[in-house]
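Beneath this line is the structure, given in structure tokens, with notes to follow.
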Amino acid sequence: MSTEPLLQKPELVLALSQLDRCRLCMAETLLEAAKALLQPWAAESTLPEPNRMDVPIPAADLLAAVKALHDARWGYLSAITGLDLGPEAGAMEALYHFCMGAAVVTLRVRLPRDEASVPSVCGLIPSASFFERELSEMFGVTVTDTPDPSRLFLPDDWPDGVYPLRKDFVMSPTGGGNGAQAE
Amino acid sequence: MPTTEPREKFIVPIGPQHPALKEPGHFEFTVDGEIVTGATARLGYVHRGIEKGTEDRSWVQNLYLLERICGICSHSHALAYALGVEKLAGVEAPPRAQAIRVLVAELERIHSHLLWLGVAAHEAGFDTLFMYSWRDRETVMDLLENLTGNRVNYSANVLGGVKFDVSVEQADAIRRGLDFLEERTQHYLTVVTTDSMFLRRTRGIATMSKQQAEALGVIGPTARASDVPRDVRVESPYAAYTTFPVEAVLATAGDLEARFLVRVKELFESYRVIREILDRMPAGDLTARMPRRVKEGETVSRIEAPRGELFYFIKSGGGDRPERVKARTPSMFNFASVLTLAVGHQLADIPMIMAGIDPCFSCNDRLVVVNRIGHEADVWTWEKLRQYGIEYYRR
Amino acid sequence: MALNLEKSWQDALEQIKTWARVNSPWLVHFNSGSCNGCDIEILATLTPRYDLERFGVKLQGSPRHADVLICTGPVTRQARDRLLRVYEQMPEPKFVVAVGSCALSGGAFQGCYNIVGGIDEVLPVDAYIPGCPPRPEAIIDGVVKLLQNIQSGKHVRPAPPAPPSNGHRAENTDEEAA
Amino acid sequence: MNPLIALLIFPGGLFLLLLGLAYEWVDRKLVARLQNRIGPRWFQPFADVLKLLAKEEVVPDGANPFLFLGLPMVALAGALTAALYVPLAGLPPSYSFPGDLIVTVYLLSLMTLCIGLGGANTIDRFSLIGATRTLTQLFSYEAPFLLALLGPAIVVGSWQIGQIAAYADTRLLALTQPVGFVVALIGLMGKLEMPPFDAPEAETEIVAGALTEYSGRGYAMFRLGKGVELIVGLALVAAFYLGGVSDPLSFFGKTLLLLVVVAALQSLFARLRIEQTVGLWWRYGTLLALAQLLFTIVTEVMV
């Protein structure tokens with residue numbers, strides 16, 4: 001696979017409306033390009049859907065993977081999703097979704113439940129700070145050296161250490177307020 | 001990176017005046033002299049904990065919950081969710097249902113863009129245009145009500161299809177309504193491009209070049225105004241956009257006027273698509289059977305809401321309740337990128353940058369804490385910042 | 001004789017005051033977590049087709065100038081004490097109208113962790129307007145009904161709600177005697 | 001007519017307040033109709049003021065209570081005394097002395113000064129901004145408005161409103177001094193803070209400008225003062241430029257005509273930014289008024 005990013009070739013650039021027929025084959029070529037970019041980790045990447053590719057990434061290599069995609073201008077970071085696999089599985093996942101055309105590449109970072117931490121990608125993609133703030137306040141994942149670690153959504157008087165989107169978050173009986181973390 | 005001296009957070013509680021879409025928010029800008037060095041936002045006044053709510057509701061109940069995330073693009077949320085769940089369950093909505101879904105989505109885009117036109121005019125103090133554009137918006141609200149039974153939150157979607165059909169009379173009513181709206185939109189297009197008062201507030205303000213837009217990852221009409229062809233309807237068409245293709249409306253200037261132009265021109269595009277759908281409406285039934293339990297799996301569903309790409313991640317554990325539903329709204333994305341755009345800009349440009357992305361909440365009453373390095377933070381109201389911006393440009 | 005002269009003078013004054021209050025109700029609007037569906041409907045009532053100014057209703061900016069606080073949305077924890085502060089800033093006699101099913105009871109978001117519930121968990125509410133969102137006609141009808149109640153004196157002041165049960169109380173919730 | 005009645009009832013207090021409210025209604029109704037809304041009922045301003053008088057007056061802490069309560073009274077008093085020197089309802093001015101033109105104009109701007117001070121007196125951010133804006137705008141339209149009114153005074157050769165009004169009764173000065181008429185009219189709109197010059201109480205921006213903290217009686221008095229100021233301003237411009245207001249019919253006719261013009265202008269423009277208003281006044285307003293003045297002096301001397 002030529003190292004020069006595939007994206008520079010003109011025919012790959014999205015022609016707006018004439019290519020509706022081979023929309024899917026367009027997505028495949030994009031996924032191939034992404035796979036080429038993420039070579040060392042893409043070995044065990046899976047294709048859950050024709051236009052989607054999941055690439056498991058260890059937390060340490062996250063920055064390198066994001067840098068690879070970002071430098072080749074492969075799409076944009078559309079969202080960061082936190083996923084709690086439940087107290088019994090004892091693991092959490094942070095999914096970094098990159099979108100380009102119809103193709104979606106998800107970098108899956110597996111994290112332990114108690115002190116999960118992820119490097120911040122704000123250096124490369126400054127607008128990711130919102131997503132990281134939401135990830136940290138909802139799941140308790142500490143995002144190292146993120147520009148602004150303060151709360152985004154939860155109210156000021158929300159007790160610390162209580163992460164609402166975790167599976168073991170118990171709603172307080174009055175329903176309206178501070179749930180407790182059934183550790 | 002935040003400045004060392006303690007910044008005392010002070011949130012103005014006064015009820016906002018003349019609310020267009022006001023939802024309180026709080027923006028903090030660290031300023032060094034005139035240049036913005038840091039910008040953060042504190043949302044959460046409208047945070048209702050919906051994503052947690054989806055985990056203790058069944059698949060069908062979630063549809064009604066997710067429709068109420070945002071009053072203006074409620075159909076977009078329901079559509080993205082429904083498409084995602086159908087993909088998971090391996091069910092394909094019949095073509096007629098897909099066409100009706102796109103019809104309601106485009107009607108909602110018209111309603112949202114006209115609403116924004118009124119809000120932006122009102123923000124500039126141009127109340128007459130606000131009154132006129134909202135009066136014309138009533139026409140599209142009538143069409144939606146005639147079609148779906150409700151003016152806002154029309155809940156057209158059902159998992160696996162649509163709730164209602166489009167009769168011939170309704171189709172004619174829509175066509176007549178669109179003719180009137182098209183002529184009015186033509187009038188607004190001339191107002192937006194020629195009215196000197198408006199041009200003074202929009203031309204050349206908060207310009208975002210193509211490279212900047214791509215680097216920052218701005219989406220929706222704001223991106224298309226800087227010639228970045230990001231439109232999910234074109235890139236990865238969903239529902240009936242494959243049979244009724246849409247042309248992405250682009251502008252090159254990238255300033256606020258271009259954003260106005262893109263939104264008004266998109267109205268014409270919506271009229272064209274709606275007429276096409278009404279003429280070539282595929283026959284067939286309205287819903288497909290949907291199993292109560294969705295089989296295990298994850299999916300990503302992306303659609304083009306009036307303000308940009310709406311991203312849904314849905315994970316099912318095989319039960320009758322979703323494991324995880326993540327909705328990333330376009331405004332949150334636009335805000336994140338706009339705040340990063342703000343860094344390096346003049347403090348004076350901030351108000352126009354904000355108004356340009358048609359934030360899902362136009363916080364008339366939001367408060368901006370400006371802390372100049374060196375002396376203590378002084379608290380500016382939104383208006384003072386706006387005024388400061390304008391005076392700054394006068395000098 | 002002097003007594004009932006005094007009495008009738010008092011009634012006449014009261015009559016004029018109520019007439020004035022009913023004929024020029026000024027609104028201030030507060031959104032404590034609404035999805036802004038109700039907000040755009042409230043705003044639609046001011047645009048040409050419905051035009052509330054016919055009833056003398058005017059949307060005021062400052063709570064100091066307003067008589068009726070029109071609230072939308074379930075009260076989120078973050079917006080809770082702001083709602084109280086706006087209510088306390090309004091001069092007497094003041095009324096509260098809750099618009100939309102979220103404002104009535106938390107609506108579709110009941111049970112979410114960040115919701116305190118309907119407006120009546122925080123403020124004494126005088127008129128409820130159900131609907132999600134209620135049509136502009138319903139909002140106008142609700143406001144007019146409230147005015148008619150005030151006019152006919154049938155309006156009785158609701159008791160302020162019990163202080164919030166889940167422990168943390170905003171420090172200034174005990175409004176002055178209504 | 002014994003002076004007490006003249007002062008309190010007929011051309012003075014009560015009649016003027018009611019007339020002020022009626023004109024305010026005409027203005028609101030016209031602007032609403034031009035925005036194709038139905039607009040308020042005829043007794044609306046009257047009900048508004050009555051309701052405000054019946055409301056609780058909240059004196060915010062951080063404001064000096066004596067000043068807070070006194071300013072509205074001074075403002076209303078200023079506007080009412082200004083009305084003494086102006087020909088109202090077809091009657092000659094109830095009291096006039098040489099030089100009362102200058103006194104009237106400055107009594108009117110006393111009103112705006114009180115609003116500015118009222119806003120500055122509180123610690124509320126919105127009213128602070130409103131106050132600074134009101135005062136900056138005051139200094140911008142004051143000079144051109146006065147110069148525009150000096151035109152006719154020079155033609156008549158006296159500073160007494162009564163004499164000027166009598167002289168202007170027969171001649172239509174608007175024709176001989178068109179520019180002065182236009183500047184006076186626009187100046188009047190600036191003085192009454194009507195859009196496009198309503199930056200000081202821009203409702204969507206700074207809540208209610210300088211008057212954010214006022215409620216109940218104080219706010220009612222300011223509104224009444226504004227109504228009286230509207231009447232006095234219209235009467236002045238009509239008396240000088242539209243050929244006098246000697247009989248009641250022509251007084252009401254001319255002032256209502258001016259009101260229609262002002263209301264139409266109001267709904268045409270978006271709100272000017274504060275520095276645009278100041279720029280507009282100093283660059284165009286004053287120059288035009290000076291040019292008009294020069295022209296009248298030259299013609300005066302020549303003839």
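Chain naming here is simple, since letters A, B, ... match the order of the sequence lines and numbering starts at 1 in each.
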- [ ] Hey, could you give me the CD/CZ distance between D/Glu57 and C/Arg64, rounded to the nearest 0.5 Å?
- [x]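 Here the rounded value is 10.5 Å.
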Would one find more than 12 heavy atoms of other residues, nucleotides or ligands at under 6.0 Å from atom [atom1] of [X]?
X: C/Arg49; atom1: CZ; value: yes
X: D/Phe46; atom1: CZ; value: no
X: C/Gln10; atom1: CD; value: yes

Sub-3.5 Å donor-acceptor pair from the side chain of [X] to the main-chain atoms of [Y], do we have one?
X: C/Asp51; Y: D/Gly39; answer: yes
X: C/Arg54; Y: D/Ile38; answer: no
X: C/Arg21; Y: D/Lys55; answer: no

TODO: Write down the atom of D/Arg37, the atom of C/Leu46, and the distance for their closest heavy-atom approach.
DONE: CD-O, 3.6 Å
- [ ] Hey, can you tell me if C/His65 and D/Tyr219 have their rings parallel, tilted or perpendicular (30° and 60° cut-offs)?
- [x] parallel
Task: Chi angles and distances behind the side-chain contact (heavy atoms from CB on, under 4.5 Å) call for C/Lys94, D/Glu56 - done: CA-CA 10 Å; C/Lys94 51 193 173 189; D/Glu56 167 208 7; over 6 Å; no
- [ ] Could you look at C/Ile16 and say if it's the side chain, the backbone, both or neither that has a heavy atom under 4.5 Å from chain D?
- [x] side chain
TODO: Select one option (side chain, backbone, both, neither) describing which atoms of C/Trp26 are under 4.5 Å from chain D's heavy atoms.
DONE: both
Task: Contacts of D/Asp27 that satisfy salt bridge (Lys or Arg N to Asp or Glu O under 4.0 Å) - sequence neighbours left out - done: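 Salt bridge (Lys or Arg N to Asp or Glu O under 4.0 Å) list for D/Asp27, sorted by chain: empty.
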Task: Option in D/Pro45, D/Ala32, D/Ser215 with maximal non-hydrogen atom pairs under 4.5 Å from chain C - done: D/Ser215
Open item on the list: Could you tell me if the side chain of C/Asn23 sits less than 4.5 Å from the side chain of D/Arg41, heavy atoms only?
Closed with: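 Heavy-atom side-chain distance check passes, below 4.5 Å.
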Task: Beyond-backbone contact of C/Lys17 with D/Lys51, side-chain heavy atoms, under 4.5 angstrom - done: no
Task: Side chain, backbone, both or neither of D/Leu52 within contact of chain C (heavy atoms, under 4.5 Å) - done: side chain
